[in-house]
Participant: 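Below you will find the structure I want to go over with you.
Side chains are part of it too, since the values below use all heavy atoms of this structure and drop only hydrogens, waters and symmetry mates.
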Amino acid sequence: MKEEILKDVIHIKTEGEDIGQINGLSVLSTGGYSFGMPSRITARTYVGDAGVINIERETRMSGKIHTKGVLTLSGYLGGLFAQDTPLSLTAQVTFEQSYGGVEGDSASSTELYAILSSLSGVPIRQSIAVTGSVDQKGEIQPIGGVTEKIEGFFDICKARGLTGEEGVLIPAQNISHLMLKEEVIEAVHKGLFSIYAVKHIHEGVEILMGRPAGYQNGEFLSGSVYDLAFRKIRKFQKAMEAKRE
């Protein structure tokens with residue numbers, strides 16, 4: 001799998017920026033051995049009222065916990081953007097080049113970042129991979145296999161050549177679970193690889209997209225990620241209203 005990523009058979013970007021695309025982290029197990037690998041997750045948003053569509057669920061490739069994680073995203077988006085108006089939104093989310101089942105909610109925050117990027121038009125840094133569950137209030141929750149996930153992405157970045165831009169975004173609660181190999185720790189000390197620990201989706205937005213999430217006292221700050229996303233949702237709403245007329 002690592003070889004296929006390095007040959008670009010499996011598309012995983014580790015540099016530049018992209019809208020609605022992000023690297024998630026997962027753990028694979030075979031023969032009693034577990035290892036981490038990045039997965040490309042994409043989101044597309046457009047006019048409609050279907051909410052968040054989990055392509056894996058629609059194709060019966062999603063486990064119950066993964067489906068629960070995706071449904072949680074609708075709760076967060078509705079609570080944030082639909083207090084006064086309907087959430088006129090269709091967002092499709094999927095694990096690209098995934099041909100097996102997907103289980104667990106550890107990618108739910110990753111999927112949410114991809115949706116917010118697609119809505120706002122603000123690109124995500126492809127040099128950072130993400131793991132972490134999220135609840136309906138945007139709080140980041142701990143996940144399993146954090147060490148394997150970090151090392152899996154580190155190995156890909158190292159093989160391509162570390163530039164100091166690469167890193168991972170993990171739940172703050174997982175810090176005490178880290179048992180990283182020495183070369184990862186050394187790279188972090190040298191500033192060649194970064195490990196960001198976050199507690200809320202707002203923090204992750206700022207690290208990944210380079211601008212404030214922008215939600216204070218019930219209002220969106222002008223030009224922030226949430227402000228741009230809300231404007232897009234309002235455009236979707238107007239288009240839906242015009243269609244009904």
Participant: Is Asp227 salt-bridged to Arg211, going by a charged N under 4.0 Å from an acidic O?
Facilitator: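 Salt bridge absent between Asp227 and Arg211.
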Participant: I need the full list of ring pair (Phe, Tyr, Trp, His ring centres under 6.0 Å) pairs touching residues 164-201, with sequence neighbours left out, sorted by first then second residue.
Facilitator: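 Pairs touching residues 164-201 that pass the test: Phe154-Phe193, His200-His202.
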Participant: Compare every heavy atom of Thr72 with every heavy atom of Asp135, then report the nearest pair and how far apart it is.
Facilitator: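 Smallest heavy-atom distance, with atoms named: C-CG2, 3.6 Å.
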Participant: Output the distance between atom CE (Met209) and atom CD1 (Ile19), rounded to the nearest 0.5 Å.
Facilitator: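 So the CE of Met209 and the CD1 of Ile19 are separated by 10.0 Å.
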Participant: Going by an N to O cut-off under 4.0 Å, is there a salt bridge joining Lys158 and Glu183?
Facilitator: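 A salt bridge links Lys158 with Glu183.
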Participant: Determine, for Lys13 against Asp18, whether the closest basic-nitrogen to carboxylate-oxygen distance falls under 4.0 angstrom.
Facilitator: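 A salt bridge links Lys13 with Asp18.
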Participant: Taking all heavy atoms of Gln141 and all of Gln173, pick out the closest pair and write down the distance.
Facilitator: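 Heavy-atom minimum between the residues: CA-NE2, 4.1 Å.
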Participant: Is the distance from the ring center of Phe230 to that of Tyr215 below 6.0 Å?
Facilitator: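 So the answer is no for these two rings.
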Participant: Taking the side chain as C-beta and beyond, is there a heavy-atom pair between Lys2 and Met37 under 4.5 Å?
Facilitator: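 Lys2 reaches Met37 side chain to side chain.
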Participant: Taking the basic N atoms (NZ, or NE/NH1/NH2) and the acidic carboxylate oxygens, is any pair closer than 4.0 Å for Lys190 and Glu186?
Facilitator: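 Judged by the 4.0 Å cut-off on N to carboxylate O distance, Lys190 and Glu186 do form a salt bridge.
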Participant: Does Ser108 use its side chain to pair, donor to acceptor, with the backbone of Val134 at less than 3.5 Å?
Facilitator: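 Yes: the side chain of Ser108 pairs with the backbone of Val134.
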Participant: Can you check whether Ile124 reaches Asn23 side chain to side chain, under 4.5 Å on heavy atoms?
Facilitator: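 Result no, sub-4.5 Å side-chain heavy-atom pair not found.
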Participant: Where the side chain of Lys232 meets the backbone of Tyr46, is there a donor-acceptor pair that is under 3.5 Å apart?
Facilitator: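 Checked: no pair found.
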Participant: Can you give me the closest heavy-atom contact between Glu165 and Ser127, atom names plus distance?
Facilitator: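 Shortest heavy-atom contact: O-OG, 3.1 Å.
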